[in-house]
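Only this structure's heavy atoms are used, side chains among them; waters, hydrogens and symmetry mates stay out. Because the structure is a prediction, the values reported are computed rather than measured.
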Amino acid sequence: QEEGIIVLADTGIVERNHIKNNGLRTGGFGENFDFAGITVDGIGGQVAKQMTVVNNMISGNYAGGGGRTGIVVRTRRARIIHNTIIHPTRQVISTGIDLTNGDSSTVQNNIVIEYGIRNIVLVAPLVLFRQSNGAAGLVSDYNVFFCADTGGFIVTRGSVRFRSLSAYR
């Protein structure tokens with residue numbers, strides 16, 4: 001696993017970072033590498049109490065044969081606001097925002113763009129906003145999600161996948 005910024009804490013803020021052109025384009029010696037621009041999690045495997053990820057720019061990142069994610073947040077009461085994630089090329093697995101254990105969280109005013117078009121059969125889908133293990137009380141509004149690949153999903157909530165925001169609402 002290749003990482004840009006990793007924060008392990010009970011509470012905190014990740015603010016005003018610019019993560020560009022990171023990760024590996026190809027895995028060495030047949031290895032596959034995942035890459036995450038920003039990862040926020042609790043200490044010692046515990047769910048964090050409250051974290052804020054605000055005003056970050058993540059673009060041009062690669063994962064050598066593995067999965068690429070812009071922002072990974074594993075906490076309740078997360079605030080993910082005013083971030084921009086741009087993936088200019090297609091990879092096998094690509095996610096914009098991955099929110100796990102996100103009860104009572106706010107995801108607002110983010111821009112997530114995936115320009116790449118698939119030229120391979122996908123094992124795992126492209127997802128702009130993934131929600132798993134709880135999203136009760138989630139507020140998600142004023143976000144811009146764009147996917148050039150018609151095979152991608154705007155949102156997944158658990159195993160339910162949505163190709164449009166109208167279907168998600």
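- The CD1 atom of Ile113 sits 11.0 Å away from atom CZ of Phe145, with the distance rounded to the nearest 0.5 Å.
- The CG atom of Asn110 sits 4.0 Å away from atom CD1 of Ile97, with the distance rounded to the nearest 0.5 Å.
- Residues meeting the salt bridge (Lys or Arg N to Asp or Glu O under 4.0 Å) test with Arg74, sequence neighbours left out: Asp41.
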Please lay out, stage by stage, how Glu15 and Thr52 fare under the test side-chain contact (heavy atoms from CB on, under 4.5 Å).
CA-CA 8 Å; Glu15 182 178 24; Thr52 299; over 6 Å; no
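- Smallest separation of non-hydrogen atoms from Glu114 and Ser94: OE1-OG, 2.8 Å.
- Applying the salt bridge (Lys or Arg N to Asp or Glu O under 4.0 Å) test to residues at least two apart or on different chains, none of the pairs has a partner in residues 131-140.
- In this structure, Thr84 has no side chain to side chain donor-acceptor pair (under 3.5 Å) partners at least two apart in sequence or on a different chain.
- With sequence neighbours left out, Ser104 forms a side chain to side chain donor-acceptor pair (under 3.5 Å) with no residue at all.
- Between Tyr168 and Phe129, the two ring planes are perpendicular [angle over 60°; tilted spans 30° to 60°].
- Within the hydrophobic cluster formed by Ile, Leu, Val, Met, Phe, Trp and Tyr side chains joined at under 4.5 Å, directly or through other members, Val139 stands alone, with no partner residue.
- Cluster membership for Leu165 and Val160, using ILVMFWY side-chain heavy atoms within less than 4.5 angstrom, is shared.
- Of all heavy-atom pairs spanning Cys147 and Gly152, the tightest one is SG-CA, 4.0 Å.
- Apart from Ile13 itself, the hydrophobic cluster it occupies contains Val54, Ile81, where clustering links Ile, Leu, Val, Met, Phe, Trp and Tyr at side-chain heavy-atom distances under 4.5 Å.
- With side-chain heavy atoms closer than 4.5 Å counting as contact, directly or through intermediates, Ile43 stands alone and belongs to no larger hydrophobic cluster.
- Using a 3.5 Å distance cut-off with no hydrogens or angles, the side chains of Arg161 and Thr156 do not pair a donor with an acceptor.
- Distance check, rounded to the nearest 0.5 Å: CZ of Arg157 to CZ of Arg130 gives 14.0 Å.
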Would you check, one step at a time, whether the test side-chain contact (heavy atoms from CB on, under 4.5 Å) holds for Leu99 with Leu138?
CA-CA 10 Å; Leu99 178 62; Leu138 173 70; 3.9 Å; yes
Show, in sequence, the C-alpha distance, side-chain angles and deciding distance for Phe162 and Ile154, and conclude whether the side-chain contact (heavy atoms from CB on, under 4.5 Å) test is met.
CA-CA 6 Å; Phe162 303 93; Ile154 301 296; 5.5 Å; no
With side-chain contact (heavy atoms from CB on, under 4.5 Å) as the criterion, how do Ile19 and Ile38 come out once you've worked through the C-alpha distance, each side chain's angles and the decisive distance to 0.1 Å?
CA-CA 9 Å; Ile19 301 167; Ile38 296 173; 3.6 Å; yes
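- The closest side-chain heavy-atom distance from Ile85 to His87 is below 4.5 Å.
- For Asp10, the side chain to side chain contact (heavy atoms under 4.5 Å, CB included) partners at least two apart in sequence or on another chain are Lys49.
- Chaining together hydrophobic side chains whose heavy atoms lie under 4.5 Å apart places Leu8 alongside Ile6.
- Proximity of a side-chain donor or acceptor of Asn56 to a complementary backbone N or O of Asn17 within less than 3.5 Å is detected.
- At least one donor-acceptor pair closer than 3.5 Å links the side chain of Ser164 to the backbone N or O of Ala167.
- With sequence neighbours excluded, the residues forming a side chain to side chain contact (heavy atoms under 4.5 Å, CB included) with Asn101 are Val47, Asn133, listed by chain and number.
- Asp103 contributes no side-chain N or O that, together with a main-chain N or O of Arg76, makes up a donor-acceptor pair within less than 3.5 Å.
- Here Arg79 pairs with nothing under the side chain to side chain donor-acceptor pair (under 3.5 Å) rule; sequence neighbours left out.
- In this structure, CG in Asn83 is found 12.5 Å from CZ in Arg16, a value given to the nearest 0.5 Å.
- Listed here is the closest heavy atom pair of Thr69 and Asp98: CG2-CB, 4.0 Å.
- Taking every heavy atom of both residues into account, Gly70 and Ile58 meet most closely at O-CD1, 3.3 Å.
- The side chain to side chain donor-acceptor pair (under 3.5 Å) test applied to Asn55 returns no partner, not counting sequence neighbours.
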